[in-house]
Protein chains: 2
Amino acid sequence: MSNEEPKVGHDPFPLPDVDDLELVRVLRAAGDPARLVIIERLSDGDYHPCNLTDYRLDIHKTTLSHHFKVLRESGLTRTRVTGREHAVQLRRDALDARWPGLLDTLVAAAVRDDPDAQAAPGVSAAG
Amino acid sequence: MSNEEPKVGHDPFPLPDVDDLELVRVLRAAGDPARLVIIERLSDGDYHPCNLTDYRLDIHKTTLSHHFKVLRESGLTRTRVTGREHAVQLRRDALDARWPGLLDTLVAAAVRDDPDAQAAPGVSAAG
DNA sequence: GGCTTTGTTTGACAAGCATCAAACCATTGA
DNA sequence: TCAATGGTTTGATGCTTGTCAAACAAAGCC
């Protein structure tokens, strides 16, 4: 592989279809402190790397990977592979289509409870 | 006790204060099939009895009691004792104060996924 | 006072889950 | 080709949890 472009893997992480999403599974996926931090970090809608340094979590590398797997298999996130880097993104389209407003209120609740959450200018965290 | 009025117990089920509610605990409490059915049944805001027949759940009596305990200790419900009857109600005030919109979207999502949910007149369950 | 009703509590058990360590796989760079 | 990088998979382990059975507790009824 002497290509200049980073190799884009052919998605080794299959996603559950929108119709196959289960509310119970989504709620339990969100019902973990570490995963709630991850969800909050992903709330901007962008792709975020899967490395430990980007999340302020005092857990092992393999544990973080496990959490990403739980999030993905619940349908909350999708995973993109670029070269040797993995990145995750919230499946906002699918979630909004299935349960309108759920992801927004979930993220809002997580942000509200997170003392480290940086408030947007003019917006009080204490709400 | 020869009183005509049913005896009102002095709340043997203490509730967590609003400020002590934990989002993770609430989400995990909601992340169970049986408890999601209960939440949906309670969504009208009224008190509902704690007996098995009122919920279409194929579980043991003690298991149902366990679920009520999980819901109560997570802060999602309160329990009222009247005579020998127990009744539960969603703590909508506390939940709305702490995480605005969360309970509504949660209930809406649960109703949407429940095939047995009776739609209001003119409202399609398939959305 | 006994018996029934209405649930809760306790104990036990199997399944699930969060965690870490070690091994592994694919990509990149020398 | 060989080592380093980025992250996943695979055990293994201890804790949590959903479930039922048996015992318990409080209130009403005869």
Side-chain angles (χ1 to χ4, degrees), chain A residues 1-14 22 24-38 47-55 57-74 77-89, chain B residues 1-14 22 24-38 47-55 57-74 77-89:
Chain A
M1 183 72 64
S2 56
N3 204 338
E4 285 186 342
E5 303 285 322
K7 181 179 182 180
V8 176
H10 51 297
D11 202 3
F13 301 119
E22 299 174 17
V24 166
R25 205 167 182 182
V26 168
L27 293 177
R28 283 215 320 208
D32 177 275
R35 293 196 289 263
L36 216 48
V37 167
I38 296 174
Y47 273 100
H48 288 252
C50 288
N51 55 39
L52 251 183
T53 57
D54 280 48
Y55 310 88
L57 296 173
D58 192 20
I59 56 178
H60 198 270
K61 182 178 61 166
T62 63
T63 304
L64 182 64
S65 191
H66 162 70
H67 286 314
F68 283 130
K69 184 179 183 180
V70 172
L71 289 172
R72 186 197 333 123
E73 292 182 342
S74 79
T77 64
R78 75 183 110 239
T79 302
R80 183 185 63 182
V81 180
T82 309
R84 51 185 169 185
E85 286 192 0
H86 294 199
V88 288
Q89 180 190 44
Chain B
M1 184 71 63
S2 58
N3 204 338
E4 287 185 343
E5 303 286 322
K7 180 178 184 180
V8 176
H10 51 296
D11 200 5
F13 302 119
E22 298 173 17
V24 166
R25 205 166 183 183
V26 168
L27 293 177
R28 282 211 320 213
D32 177 274
R35 293 196 287 263
L36 215 49
V37 168
I38 296 175
Y47 274 99
H48 288 252
C50 288
N51 54 39
L52 250 183
T53 56
D54 280 47
Y55 310 88
L57 296 172
D58 192 20
I59 56 178
H60 199 269
K61 182 179 60 167
T62 63
T63 303
L64 182 65
S65 190
H66 162 71
H67 287 314
F68 283 130
K69 183 179 184 181
V70 172
L71 289 171
R72 184 194 338 121
E73 293 184 339
S74 78
T77 65
R78 77 183 109 238
T79 302
R80 182 186 62 183
V81 179
T82 309
R84 51 185 170 184
E85 285 192 2
H86 295 200
V88 287
Q89 180 190 43

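Reminder, nothing fancy here: chain letters follow the sequence lines and each chain counts from 1. The basis for the numbers below is simple: all heavy atoms, side chains too, and nothing from hydrogens, waters or symmetry mates.
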Report yes if the side chains of B:L64 and B:L57 come closer than 4.5 Å at any heavy-atom pair, otherwise no. yes

Tell me: [atom1] of [X] to [atom2] of [N], nearest whole Å?
X: A:L27; N: D:dT17; atom1: CG; atom2: P; value: 16 Å
X: B:H48; N: C:dT6; atom1: NE2; atom2: P; value: 18 Å
X: A:D32; N: C:dG16; atom1: CG; atom2: P; value: 18 Å
X: B:L36; N: D:dG18; atom1: CG; atom2: C1'; value: 16 Å
X: B:L57; N: D:dC20; atom1: CG; atom2: P; value: 11 Å
X: B:H67; N: D:dG18; atom1: NE2; atom2: C1'; value: 6 Å

Has A:T63 got a side-chain N or O lying under 4.0 Å from the OP1 or OP2 atom of C:dC20? yes

A:R28 or A:D58, whichever maps to the more 5' nucleotide of DNA chain C: A:R28

Check whether the ring centres of B:F13 and B:F68 lie less than 6.0 Å apart, and answer yes or no. no

Output the distance between atom CG (B:D32) and atom NE2 (B:H67), rounded to the nearest 0.5 Å. 4.5 Å

Nearest 0.5 angstrom please: B:N51 CG to B:K61 NZ, how far? 11.0 Å

Sorted by chain and number, sequence neighbours left out, side-chain hydrogen bond (donor to acceptor under 3.5 Å, both in side chains) with A:H66 holds for none

Heavy-atom pair with the smallest gap, counting every atom of A:L36 and B:L27: CD1-CD1, 4.1 Å

Nucleotides 2-14 of chain D: protein proximity per nucleotide (B base, S sugar-phosphate only, - neither; heavy atom, under 4.0 Å): --BBSBBB-----

